[in-house]
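Okay, so here's the structure we're looking at.
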Amino acid sequence: MFPLRTLGKKHEGGLSSRRNSHREIHTSVHDVGSEVSIASVDQPPPSRQSSHHDHELHRTRTYHPFAPHVLILLMPASIFGVLARLGLVALTTYNGQSIFPLAYVQGLGCFVMGFGLELKEPLGNFYPPLYTAITTGFCGSLTTFSSWQLDVFNSWLNSEDAEHAGLRTFLDGLGKTVFILTISLSSVLFGSYMARVIYPFLPTLQPPSRTVRYIISILSVLMYAATLPAYFLLPTSYRHQATAALLFAFPGTLIRYILSTLLNPLLTTFPLGTFAANSTGSGLLAAFHVIQSIASKPISPNGCSLLQGLDDGFCGCLTTVSTFAVEIRGLQGWERPRYVLMSWGAGQLLFLIIMGPSLLSGSVRKQLMCSFT
């Protein structure tokens, strides 16, 4: 463990309140994220505004978790998160790849999550809904717990019918499990560290005016509304690739945010809301995967595109690895492995219960049977 190291300065006259804060920059891995409350990871922080004369804090404004400005800003954040995930997966999927695509997705999302979490205070002073949009909206939609669980389950099944022994099948699933956990936790720590390095050099921005806030909200609503004509007007080949997922991105994010806001405060030692969201999304993804794999009753191309949109958009945004990784850091002692094992075990159990009987009966295939053309 690295020793603690203070990079900031104590309070001195003439400096801004941000630079005067008694903020210590820790390089200890144990301290990064350990002060996070699992009940407030997703919620907007209070906005502390200073006087123009003496630069002393004199007013605190708090946004309700379900304030319109907070919920509406989740719309474009969800869209950008899904587009980043789908684009990154497409970019990193190629013949001869040495790292599976989801590793890049989870790593990037958790890095941005750690970065945003460390800058929670300055983001709150600027515009609190922006913090929730970055962490819950963008990072939560970029990372996906359900696709991770499906990837691991497909490894157990050897869905590609590769010619190797059962031990290698087991090691493949175990490797994807351990690797995603490792890269997610380490990316959160690295993002937090990088934010602490650049924090002293960030400029102090004035909070947006009421007019600007309303303009941002209107543009956010229009951006999500545009996903419907985009689905119908853009070429049909785009539907299963992106436009169908954009339709269902915000509903998935919104349900996850509601669950975490309402349920996480109930248990201080177990993030019940995130667990419920990840488990529900994994179960739904397993059900959609069964429908897409039915061989006897082929589905129309439009139906296949909508199902793929539910997979990538709704389930992908309903479940999250970035918040999951931060919550692991926020727990203590045996609470951490218990949360990891119960979340991972529930996901794999749901896939086994939902997909197992269909696979054994021979009514569905290991591979998707949907045709998008």
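Treat the numbers as computed from the prediction; the structure is a model and nothing was measured.
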- Does one side chain, of S141 or T253, offer a donor that lies under 3.5 Å from an acceptor on the other? yes
- Separation of L167 CG from D172 CG (nearest 0.5 Å): 11.0 Å
- Check whether the ring centres of W148 and F145 lie less than 6.0 Å apart, and answer yes or no. yes
- Step by step, work out the ring pair (Phe, Tyr, Trp, His ring centres under 6.0 Å) result for F324 and Y339. CA-CA 9 Å; F324 176 67; Y339 180 46; 5.1 Å; yes
- Query: Does a donor on one side chain sit under 3.5 Å from an acceptor on the other, for W344 and T177?
  - Reply: yes
- Task: Could you tell me whether F153 and F351 have their ring centroids closer than 6.0 angstrom?
- Result: yes
- Between H69 and Y214, ring centroids under 6.0 Å: yes
- Side chains of L142 and V82: does their closest heavy-atom pair fall under 4.5 Å? no
- Query: How about F111 and V188: do any of their side-chain heavy atoms sit closer than 4.5 Å?
  - Reply: no
- Examine the side chains of S322 and T320 and answer whether a donor and an acceptor come within less than 3.5 Å of each other. yes
- Query: Does the side chain of L117 come within less than 4.5 Å of Y131's, by heavy atoms?
  - Reply: yes
- Less than 6.0 Å separating the ring centroids of F80 and F138? no
- Assess the side chains of Q292 and Q308: does a donor N or O sit below 3.5 Å from an acceptor N or O? yes
- Query: Do R168 and N158 meet the criterion of a side-chain donor-acceptor pair at a distance under 3.5 Å?
  - Reply: no
- Message: Are there over 12 heavy-atom neighbours, none belonging to Y238, within less than 6.0 Å of that residue's OH?
- Response: no
- Query: Is the closest side-chain donor-acceptor distance between T274 and E327 under 3.5 Å?
  - Reply: yes
- Message: Out of the candidates T261, T136, N264, only one should pair with D42 under the side-chain hydrogen bond (donor to acceptor under 3.5 Å, both in side chains) rule; please name it.
- Response: T136
- Item | L246 side chain near L83 side chain, heavy-atom distance below 4.5 Å | yes
